2 protein chains.
Amino acid sequence: MKKITIGDAARQSGVKVPTIRYYESIGLLAAPSRSEGNQRSYEPADVRRLAFIRHARELGFEVDAIRTLLTLQDEPDQPCASADAIAKARLIEVEQRIRSLMALKAELEMMVEGCGHGRVDQCRVIEVLADHGQCTHAHH
Amino acid sequence: MKKITIGDAARQSGVKVPTIRYYESIGLLAAPSRSEGNQRSYEPADVRRLAFIRHARELGFEVDAIRTLLTLQDEPDQPCASADAIAKARLIEVEQRIRSLMALKAELEMMVEGCGHGRVDQCRVIEVLADHGQCTHAHH
DNA sequence: CTACATGCTCTAGCGACTAGAGGTGCAAGA
DNA sequence: TCTTGCACCTCTAGTCGCTAGAGCATGTAG
């Protein structure tokens, strides 16, 4: 009977100790059994669940989406349409975010290139910020 | 003596009314004069400042960075090295964010394509999330 | 004069943590 | 055995940039 402490679970899963406790508090991870001295004692399955959560968070899924994905994972005989829909929705979000960041990058490059490193009143960085009309492209 | 109400300032600048009050509360926008009935009364310069803030926020600058940019704008005879540095730092952030979002997009596409729309236990979405090792590329 | 939109202040909530205070458990070295 | 010191515990409050709502006061159009 090997006992996994919260610290070990953190090291193995890559989720920080306070974050693990936070996930427990919001019901994303079930409360584990406790040792005699009231310390959390995790099973390998908990560590896998934490790794799942971490990876999903890295992919930008919100906690609510992860909650759904986790319940799906627990019922492997269900059709996976929901998981697919969640991933697809996230993909669309990511594509939009990339597009808007590319526009933003172009604008920032213009600002930085235009800056003659002189005085503020000739600086394109400030100028472009002050007057959105100077952007060569449309936002949104 | 035209008086600009907070509602007009909001419409002209594109910053919402509660957000304007919030900016005042955190000292990003100076408290304006008040009408007899204690209502905020803005000058055109305030509206320009709000538009500046809004544009900078759209570009993803944090409020602290905007604070610096605003004080720079107020001192046009200073060298603009700080403004340049802030914009460059933001550019680097944006470039990194784009790169990581592209990796993420690839991973999500793999997940969605691999999903055979069958049962959860054959679903690549769940599978990939559960085992990061299945990603064909390295993160970070 | 009466609606009703707009304004005011204040407090609390969002998401997803993070930081800190103040205390307890536990394992290893002296 | 004692003690040192890290890891653990709970609880509260703070972060960022707003947003929502309660409960009033004011300003304006018909």
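Here the structure is a predicted model, which is why all the values come from computation and not from measurement. In what follows, every chain begins at residue 1, and chains take the letters A, B, ... in the order their sequences are listed.
- Regarding contacts with the backbone of C:dT18, a side-chain N or O of A:T19 is found under 4.0 angstrom from either OP1 or OP2.
- Residue A:K16 has a polar side-chain atom (N or O) positioned under 4.0 Å from OP1 or OP2 of C:dT18.
- The CD1 atom of B:I6 lies 9.5 Å from the OG1 atom of B:T19; values are rounded to the nearest 0.5 Å.
- Along DNA chain C, the nucleotide closest to A:P18 and the one closest to B:T5 are compared, and the more 5′ of them pairs with B:T5.
- In this structure, CD of B:E58 is placed 11 Å from P of D:dC18, rounded to the nearest angstrom.
- Between A:R34 and D:dT10, a side-chain N or O to OP1/OP2 separation shorter than 4.0 Å is present.
- Salt bridge status for A:D64 with A:R67: present, with a side-chain N to carboxylate O gap under 4.0 Å.
- Between A:R21 and D:dC9, a side-chain N or O to OP1/OP2 separation shorter than 4.0 Å is present.
- B:I66 has its CD1 atom 10 Å from the C1' atom of D:dG17, to the nearest Å.
- C:dA16 atom P lies 17 Å from atom CZ of A:R54, rounded to whole Å.
- Hydrophobic clustering (ILVMFWY, side-chain heavy atoms < 4.5 Å, transitive): B:I92 and A:L108 are in distinct clusters.
- Residue B:R40 places at least one side-chain N or O under 4.0 Å from the OP1 or OP2 atom of C:dT9.
- B:I4 places its CD1 atom 17 Å from the P atom of C:dT6, with the value rounded to the nearest Å.
- Rounding to whole angstrom units, CZ of residue B:F61 and P of D:dC16 are separated by 18 Å.
- For the OP1/OP2 pair of C:dC17 and a distance below 4.0 Å, the side-chain nitrogens and oxygens of A:R57 include at least one atom meeting the criterion.
- Across B:R49 and B:L28, no two heavy atoms sit closer than the pair NE-O, 3.7 Å.
- Rounded to whole Å, atom C1' of D:dC8 lies 13 Å from atom NZ of A:K3.
- The residue among A:D8 and B:E36 whose nearest nucleotide of DNA chain D is located toward the 5' end is A:D8.
- Residue A:Y23 has no polar side-chain atom (N or O) positioned under 4.0 Å from OP1 or OP2 of C:dA16.
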Can you list the steps and then say if B:R99 with B:E95 is a salt bridge (charged side-chain N to carboxylate O under 4.0 Å, His left out)?
-> CA-CA 6 Å; B:R99 270 195 299 279; B:E95 281 167 349; 5.2 Å; no
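- One interatomic measurement links the two molecules: CD of B:E24 to C1' of C:dC8, which rounds to 11 Å at whole-angstrom precision.
- Side-chain proximity of B:Q39 to D:dC8, D:dG17, D:dG27: nearest is D:dG27.
- Remark: P of D:dC8 and OH of A:Y42 are 10 Å apart, rounded to the nearest angstrom.
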